[in-house]
Visitor: 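Got a structure here, written out as structure tokens. Questions coming.
On a predicted model such as this, the values are computed, not experimentally measured, just so you know. In what follows, chains are A, B, ... by sequence order, proteins preceding strands, each numbered from 1.
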2 protein chains.
Amino acid sequence: MKGFLSFIMLWLISKKAMTGTDIALEIKKRKGTKPSPGTIYPALKYLRNKGLIKVNQKKTYTLTRAGKKELESQLNFFFGTFCDLDEMKACCKSLKQQNKRYI
Amino acid sequence: MKGFLSFIMLWLISKKAMTGTDIALEIKKRKGTKPSPGTIYPALKYLRNKGLIKVNQKKTYTLTRAGKKELESQLNFFFGTFCDLDEMKACCKSLKQQNKRYI
DNA sequence: CTATTTTTATTGGATAACCGATAACTATAT
DNA sequence: ATATAGTTATCGGTTATCCAATAAAAATAG
């Protein structure tokens, strides 16, 4: 299960201005694995080149207006693709019960 | 925004037994783009080789028990990574308003 | 002000994801 | 039985994703 990295990064940055390390740590908290610098910084550079984020003297990244528009579009795409989130959540719980019985 | 394909496929198959074409059409409905046969069938083969899905005479795919466990684990991962879905949804709406003003 | 550590960033390369083109198989019709 | 249409599947190659290793820059300590 790969991808979605730049989407998550845009989302995190939109919530709060963050440094590269901040982002890596927040992703670790969510996914369990901390992305390496070789993952984070090229992604930040890519987003910067596309004009979606900007960085200040403190190495803190924030969204540009274009970044906000891009995030909006990606959020729409996300909720379109996962249009049955409630069902997914319910399934998640019921599967947990089912699988328990067969261990 | 790539990836997540096999996750979506497991999820769709778990809801209803499906053929390759069924899956492609459902993904088209959600994402807008219909994945090509060269995307769908290798992915199905991969999942079959891993013992996560099985296929019957009618070319209809269903989850195996291992597939259900795998789906559970991926659902947990998904909701762990996107632990703030409500916030994302709210942001999606408010961004739509903000961006409108600047067109 | 130098040395050390920490953070930020780049590079090269390995792997995975994906598609276009094409082939094989199935089903239906003639 | 043969042709046609549609579905299922494979293959080769392109691009994207991601990491390990390394370098550069910044912060902190001595």
Visitor: In this structure, how many angstroms lie between the C1' atom of dA16(D) and the CZ atom of F4(B), rounded?
Guide: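 Between C1' of dA16(D) and CZ of F4(B): 15 Å.
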
Visitor: Looking at dA9(C), dC18(D), dC19(C), which one has an atom nearest to any side-chain atom of P35(B)?
Guide: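 The nucleotide sitting nearest to the side chain is dC19(C).
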
Visitor: Does a side-chain heavy-atom distance below 4.5 Å link N49(A) with K45(A)?
Guide: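 In contact.
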
Visitor: May I ask you to say what Y46(B) touches in the nucleic acid, namely base, sugar-phosphate or nothing, with a heavy-atom cut-off under 4.0 Å?
Guide: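 The residue Y46(B) makes no contact with any strand.
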
Visitor: Rounding to an integer number of Å, can you tell me how far I53(B) CD1 sits from dT8(D) P?
Guide: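 In whole Å, dT8(D) P lies 13 Å from I53(B) CD1.
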
Visitor: Roughly, in whole Å, what's the span from NZ in K58(A) to C1' in dA25(D)?
Guide: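 Taking atom C1' of dA25(D) as the reference, NZ of K58(A) is at 16 Å.
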
Visitor: In whole angstroms, how far is the P atom of dT8(C) from the CZ atom of R48(A)?
Guide: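 Those two atoms, CZ and P, are 13 Å apart.
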
Visitor: Going by heavy atoms in the side chains, are M88(A) and F79(B) under 4.5 Å from each other?
Guide: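 Yes. Closest side-chain heavy atoms under 4.5 Å.
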
Visitor: K31(B) has an atom NZ; how far is it from atom P of dA17(C), in whole Å?
Guide: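 Roughly 13 Å, once rounded to whole Å.
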
Visitor: Does Y41(A) put a side-chain nitrogen or oxygen below 4.0 Å from OP1 or OP2 of dT10(C)?
Guide: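 No, no such contact exists.
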
Visitor: On the nucleotide dC19(D), are OP1 or OP2 found under 4.0 Å from the side-chain N or O atoms that K34(A) carries?
Guide: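 Indeed not, no polar side-chain atom of K34(A) lies that close.
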
Visitor: dA17(C) P sits how many Å from I40(B) CD1, rounded?
Guide: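 For the pair I40(B) CD1 and dA17(C) P, the rounded distance is 13 Å.
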
Visitor: Can you confirm whether I27(B) sits close enough to I8(B) that some side-chain heavy atom of one is under 4.5 Å from a side-chain heavy atom of the other?
Guide: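 Yes, at least one pair of side-chain atoms sits under 4.5 Å.
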
Visitor: Provide, to the nearest angstrom, the distance between the CG atom belonging to L47(B) and the P atom belonging to dA16(C).
Guide: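 Rounded to whole Å, this separation is 14 Å.
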
Visitor: Does dT8(D) have its OP1 or OP2 closer than 4.0 Å to a side-chain nitrogen or oxygen of K45(B)?
Guide: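 Indeed not, no polar side-chain atom of K45(B) lies that close.
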
Visitor: Nearest to the Y61(B) side chain among dC18(D), dA9(D), dA9(C), which nucleotide is it?
Guide: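 The answer is dA9(D), which lies nearest to the side chain.
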
Visitor: Salt bridge between D84(A) and R30(B), side-chain N to carboxylate O under 4.0 Å?
Guide: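 Result for this pair is yes, salt bridge flagged.
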
Visitor: Taking the side chain of T21(A) as heavy atoms from C-beta outward, which of dC19(D), dT7(D), dT7(C) is closest to it?
Guide: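 Looking only at heavy atoms from C-beta outward on T21(A), the closest nucleotide is dT7(C).
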
Visitor: Going by atom types alone, do S73(A) and N76(A) pair a side-chain donor with an acceptor below 3.5 Å?
Guide: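 There is no such pair (donor and acceptor under 3.5 Å, judged by atom type) between the side chains of S73(A) and N76(A).
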
Visitor: Can you identify which nucleotide, out of dT8(D), dT8(C), dC18(C), has its nearest atom closest to the T39(B) side chain?
Guide: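 Among dT8(D), dT8(C), dC18(C), the one nearest the side chain of T39(B) is dC18(C).
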
Visitor: Please state how far atom CD in Q57(A) lies from atom P in dA26(D), giving the value in whole angstrom units.
Guide: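 After rounding, the reported distance stands at 12 Å.
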
Visitor: Let's see if you can work this out: which of dC19(D), dT10(D), dA9(D) has an atom nearest to the side-chain heavy atoms of P42(B)?
Guide: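 Nearest listed nucleotide: dT10(D).
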
